[in-house]
Undergrad: 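Have a look at the structure that comes next, please.
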Amino acid sequence: QVQLVESGGGLVQAGGSLRLSCAASGRTFSSYDMGWFRQAPGKEREFLAAISWSGGSTYSADSVKGRFTISRDNAKNTVYLQMNSLKPEDTAVYYCAAVLHGSPGGPFGEYDYWGQGTQVTVSS
């Protein structure tokens with residue numbers, strides 16, 4: 001069982017930056033690939049970025065490539081999402097999720113555990 005708790009959301013002006021954190025419980029954090037997603041009101045959940053269990057591989061959606069960066073610190077059981085050049089359309093609830101490394105589909109498949117989400121609001 002893995003419990004995930006996101007933090008770092010808030011209100012920021014367009015062009016600003018935020019760093020989201022996702023703290024994981026348990027001693028098997030390094031066995032999981034991690035992902036960040038978001039969901040805006042009235043829209044479907046959107047994949048943003050993923051990182052492999054070791055941090056050796058990262059993946060980003062085209063919509064955030066060059067602006068958002070995913071990273072992890074296995075010693076701290078934490079995954080991060082650095083968000084720069086934020087736009088009003090980035091306003092959403094942001095979620096982190098974990099999938100056991102080696103699962104079908106990998107970081108693009110079904111995730112096993114989800115956090116409760118953190119709100120990010122970007123004002124124009």
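Quick caveat: nothing in here was measured; it's all calculated off a predicted structure. Index from 1, following the sequence.
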Undergrad: Where do F29 and V2 land on the side chain to side chain contact (heavy atoms under 4.5 Å, CB included) test, with the steps shown first?
TA: CA-CA 8 Å; F29 177 69; V2 176; 5.7 Å; no
Undergrad: Roughly how far apart are M83 CE and L48 CG, rounded to 0.5 Å?
TA: 8.5 Å
Undergrad: Would you say that more than 12 heavy atoms from the other residues, nucleotides or ligands in this model lie under 6.0 Å from the CD of Q119, or not?
TA: yes
Undergrad: How far apart are the closest heavy atoms of L4 and C22, and which atoms are they?
TA: CB-SG, 3.9 Å
Undergrad: According to the side-chain hydrogen bond (donor to acceptor under 3.5 Å, both in side chains) rule, which pairs have a member within residues 8-24, sequence neighbours left out?
TA: S17-N84
Undergrad: Is there a donor in the side chain of S71 and an acceptor in the side chain of Q82, or the other way round, less than 3.5 Å apart?
TA: no
Undergrad: Start with the C-alpha distance between E6 and L20, add both sets of side-chain angles, then the distance that settles side chain to side chain contact (heavy atoms under 4.5 Å, CB included), and finish with yes or no.
TA: CA-CA 7 Å; E6 300 96 336; L20 304 183; over 6 Å; no
Undergrad: For the residue pair D112 and S103, what are the closest heavy atoms and their distance?
TA: OD2-OG, 4.4 Å
Undergrad: What pairs with D90 under side-chain hydrogen bond (donor to acceptor under 3.5 Å, both in side chains), at least two apart in sequence or on another chain?
TA: R38, R67
Undergrad: Just how far is it from atom OG of S30 to atom CZ of R72, taken to the nearest 0.5 Å?
TA: 7.0 Å
Undergrad: Verify side chain to side chain contact (heavy atoms under 4.5 Å, CB included) between L81 and Y94, making sure each step is shown before the conclusion.
TA: CA-CA 10 Å; L81 186 68; Y94 284 68; 4.3 Å; yes
Undergrad: Starting from Y95 and following side-chain heavy-atom contacts under 4.5 Å between hydrophobic residues (I, L, V, M, F, W, Y), which residues can be reached?
TA: F37, F47, Y59, V93, V99, F108, Y111, W114
Undergrad: Measuring from atom CD1 of I51 to atom SG of C96, what distance do you get when rounded to the nearest 0.5 angstrom?
TA: 12.5 Å
Undergrad: Run the side chain to side chain contact (heavy atoms under 4.5 Å, CB included) test on F68 and L18 for me, step by step, so that the C-alpha distance in whole Å, both residues' side-chain angles and the decisive distance to 0.1 Å come before the verdict.
TA: CA-CA 10 Å; F68 291 9; L18 282 175; over 6 Å; no
Undergrad: Okay, side chain of T78, backbone of K76: is any donor-acceptor separation there less than 3.5 Å?
TA: yes
Undergrad: If Ile, Leu, Val, Met, Phe, Trp and Tyr residues are connected whenever their side-chain heavy atoms lie under 4.5 Å apart, and connections chain through other members, are V64 and V79 in the same group?
TA: yes
Undergrad: Indicate yes or no for a side-chain donor-acceptor contact from N77 to the backbone of A23 under 3.5 Å, with no hydrogens or angles considered.
TA: no
Undergrad: Any donor-acceptor pair under 3.5 Å linking the side chain of T91 with the backbone of V122?
TA: yes
Undergrad: Has T118 got a side-chain atom pairing as donor or acceptor with G9's backbone, closer than 3.5 angstrom?
TA: yes
Undergrad: Does one hydrophobic cluster hold both Y32 and Y80, with members joined at side-chain heavy-atom distances below 4.5 Å?
TA: no
Undergrad: CE of M34 to NE2 of H101: how many Å apart, nearest 0.5 Å?
TA: 14.0 Å
Undergrad: Considering non-hydrogen atoms only, spot the tightest contact between S60 and K65 and give its length.
TA: O-CE, 3.3 Å
